[in-house]
Structures are given as structure tokens and as C-alpha cells.
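Everything on this sheet refers to the single structure shown next.
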Amino acid sequence: MRDTYTKGPWMVEFTPEDGGRLDRIAYDSYDLITTEPRPFRKPSEDYGEYENRPVYGYDDCFPSVEACPFPGIDWVIPDHGEICWLDWKASKTENSLTFQTESKALPVRFTREMVFGDSRIGWNFDVYNFGNLRLPFQHVMHPLMKLDEIADIDLPGFQSVFSSRNKEDLDVKGSKDVSDFLLHQPPGTAAMLFLRGIRDGNVRWRYANGLTLSLGFSVDMFPGLGIWWNNNGYPAEPGIQRNECAFEPIPGYSSNLSEAFSTGRCLVVPPRERLRWQITWELTS
């Protein structure tokens, strides 16, 4: 059942049983993420399991984004990870929202806490491994925003930029080249880029109403940045294309845990221990 949380200028709608989804995040009544499409129609072709339900808002991708075998066990991780398909529990305090779920395949408990300030959200994540083996994983926060509402982008420096849809590095010289590339993508196109070897954990984008959102994270944990840029080009089927984008800190250089694990670029939590980290959103006008 959808629930609502308000704190000062913030308003959040969420559905715990729908993968802990955040259906809406608004600041002073302005929507920062996409909201539920009505009506929803599934693609007639196979675009992966994730596309068979409404795609919008925010959810968490764990322990992988892409469907792939989990290292060392006989289990294939679902499309966009497992936990976005699970039932979660949610609790509220005056200043926070906390969501928690347990994997059905792994001995792990995942917690997302959102702590609200006047113009800030501290996203606190906790992965507790109650098993007896080391647990490799990826976590990617997945906030979808309306692409047409993004007026400007400020990206960190990087070593290279890989286009996963074209399977090649982009010939760009700096972060402004990448921003210009994205902002000039024509309607009917979609791109998934990976900025690899990023130099600092800060990304900023300006919304059409003048608000600027600064995303802060640790480059030690997240050396890559994924950028999904969908200008009404995906799914490639008339009537169901979406207008959306996302900026996603990634613990590695791809969104496939099997690949990240094979190159040593994933997160690991030891048995009977937990791994915690924070990602911040800061709004300025």
C-alpha cells in the first residue's frame, strides 16, 4: 500500500511491498524523479523482466544491475537485481525514512535509510552478511528523472567513457564534452555511458525550474559513474518510449556483477559483518 512522508519542503510517496520503491520525491512540490506512468503497457518484445512492470521513480539494484550468475553459487540474479522485486518493511521518524529487506537467495539484509535536512537527503546504506562466506556485490541507486527537465550537467573528470550500447569508448576530451553529448542527443535515442576512473565523487545537474541537485559519494567505493540517457528511445516501440535519465555511482566499471567480480571491481562484505556507506543529495536554488 502506498504511503506518504513529509518533512518541511520534502514529500515522499513510497510502496514498501513493491520493491521498496519510492514513487515520488518532491521538493517544494517539484518532482525530482519520474512518477508512475498511466496507463502502463508492457512491451510486445522481450526487453528483460524489469520492463514488464511500470518503470519509474526510485529503487535499489542489488547485488547486480544486469541479470547474471552470482559468483560461486548456482543462482542467476534477476534483471536489475533481486531486491527491487521483494517485499520491504518501512518505518518513519520525524527526520527519516528507513526501508529494509532480506534476500531470498543470499544470507544478507539490506537497509536504506533516508535522513532529511532542510535541503539535503543523506542516503545511508547498510549490507549485513549473516552467512559464513564473503559476499561480493554491487549496489546501484536507481533514481529516474525526467530527461526534458534537465537543463545542465556538471560531471567529474574521468579516465575514459564507455558506451555499453555501442560497445566502444567515446572519443571525448573532458566532462563538458560528455555533458554536451548528452544534452544534444536527439529524440528517439537512448544511451548508457560508464565514466571510468572518475576523479571525484560529485555530480551536479540543474532542473528546468532552477534547482540544482549535487550528488556526493565516495570514489574509493564507487570509481565509476553510470549515466542512463533515454530521450524517448527506449523501449523502441511506439507509444511506450520513456523520457528519463539517471546518474548512478557504480562500484566497478560495468553494471554486471560477474564482470565486476572477475576484475576485482566490486564491493565485498565479510561473513558476520556489515558494510555501510552514505550518498548525499544537496539542493541549491
Side-chain angles (χ1 to χ4, degrees), residues 19-20 33 48 50 55 58-71 77-84 108 110 112 123-127 135-145 150 153-170 172 175 178-179 181-182 190-205 213-230 234 244-269 275-281:
I33 61 175
Y50 192 73
V55 177
Y58 173 98
D59 49 21
D60 290 288
C61 299
F62 173 95
S64 177
V65 182
E66 295 182 24
C68 64
F70 188 88
I77 304 166
D79 185 17
H80 279 67
E82 180 198 17
I83 63 175
C84 66
V108 65
F110 185 95
R112 175 218 307 153
W123 302 77
N124 300 318
F125 298 97
D126 181 303
V127 172
L135 181 75
F137 70 91
Q138 288 185 315
H139 169 256
V140 175
M141 60 189 311
H142 194 233
L144 294 171
M145 297 161 290
I150 306 299
I153 310 166
D154 185 9
L155 298 168
F158 51 81
Q159 294 176 0
S160 64
V161 181
F162 181 74
S163 169
S164 69
R165 289 175 72 83
N166 297 333
K167 305 299 181 185
E168 62 182 10
D169 287 336
L170 292 187
V172 291
S175 56
V178 180
S179 298
F181 171 84
L182 294 169
M192 182 70 212
L193 305 183
F194 291 91
L195 275 60
R196 295 174 167 177
I198 56 177
R199 299 199 177 103
D200 65 81
N202 197 275
V203 183
R204 287 181 292 276
W205 57 90
L213 198 157
S214 295
L215 165 67
F217 56 95
S218 165
V219 293
D220 292 333
M221 295 185 75
F222 300 94
L225 179 73
I227 303 174
W228 170 239
W229 196 261
N230 180 15
Y234 184 89
E244 64 190 7
C245 63
F247 301 94
E248 307 167 346
I250 294 181
Y253 287 175
S254 80
S255 55
N256 182 301
L257 177 60
S258 292
E259 292 177 9
F261 179 76
S262 68
T263 60
R265 291 192 179 98
C266 66
L267 299 175
V268 177
V269 57
L275 189 63
R276 292 172 169 153
W277 65 95
Q278 183 179 78
I279 294 175
T280 59
W281 280 12

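All heavy atoms count here, side chains included; hydrogens, waters and symmetry mates do not.
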Can any side-chain N or O of [X] pair as donor or acceptor with the backbone N or O of [Y] at less than 3.5 Å?
{"X": "Arg196", "Y": "Tyr253", "value": "yes"}
{"X": "Trp229", "Y": "Leu182", "value": "yes"}
{"X": "Arg199", "Y": "Gln159", "value": "no"}
{"X": "Tyr234", "Y": "Ala191", "value": "no"}
{"X": "Ser255", "Y": "Val65", "value": "no"}
{"X": "Asn166", "Y": "Glu168", "value": "no"}
{"X": "Ser163", "Y": "Asp169", "value": "no"}

Non-hydrogen atoms of [X] and [Y] that approach each other most closely:
{"X": "Val178", "Y": "Val172", "value": "CG2-CG2, 4.0 Å"}
{"X": "Val268", "Y": "Leu275", "value": "O-CD2, 4.1 Å"}
{"X": "Val127", "Y": "Val108", "value": "CG1-CG2, 3.4 Å"}
{"X": "Ile33", "Y": "Pro143", "value": "CG2-CB, 4.3 Å"}
{"X": "Gly20", "Y": "Arg112", "value": "O-NH2, 2.8 Å"}
{"X": "Leu257", "Y": "Ser64", "value": "N-OG, 3.1 Å"}

Subject >> Trp123-Gln278 side chain donor-acceptor pair, cut-off 3.5 Å >> reply: no
Are [X] and [Y] close enough that some pair of their side-chain heavy atoms sits under 4.5 Å apart?
{"X": "Ile198", "Y": "Phe222", "value": "no"}
{"X": "Pro251", "Y": "Cys266", "value": "no"}
{"X": "Leu215", "Y": "Trp281", "value": "yes"}
{"X": "Pro63", "Y": "Phe70", "value": "yes"}
{"X": "Leu195", "Y": "Ile227", "value": "yes"}
{"X": "Ile250", "Y": "Phe217", "value": "no"}
{"X": "Phe62", "Y": "Phe110", "value": "yes"}

Original post:
For His142 and Phe247, what are the C-alpha separation, side-chain angles and deciding distance, and is it a ring-ring contact (aromatic ring centres under 6.0 Å, His included)?
Top reply: CA-CA 8 Å; His142 194 233; Phe247 301 94; over 10 Å; no
Could you grab the distance from atom [atom1] of [X] to atom [atom2] of [Y], nearest 0.5 Å is fine?
{"X": "Leu267", "Y": "Leu135", "atom1": "CG", "atom2": "CG", "answer": "10.0 Å"}
{"X": "Glu66", "Y": "His80", "atom1": "CD", "atom2": "NE2", "answer": "9.0 Å"}
{"X": "Leu144", "Y": "Cys245", "atom1": "CG", "atom2": "SG", "answer": "8.5 Å"}

**OP:** Please check if the distance between the ring centroids of Trp277 and His139 is under 6.0 Å.
**Re:**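 Yes, close enough.
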Original post:
Is the distance between the ring centroids of Trp228 and Phe194 less than 6.0 Å?
Top reply: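 Centroid separation for Trp228 and Phe194: 6.0 Å or greater.
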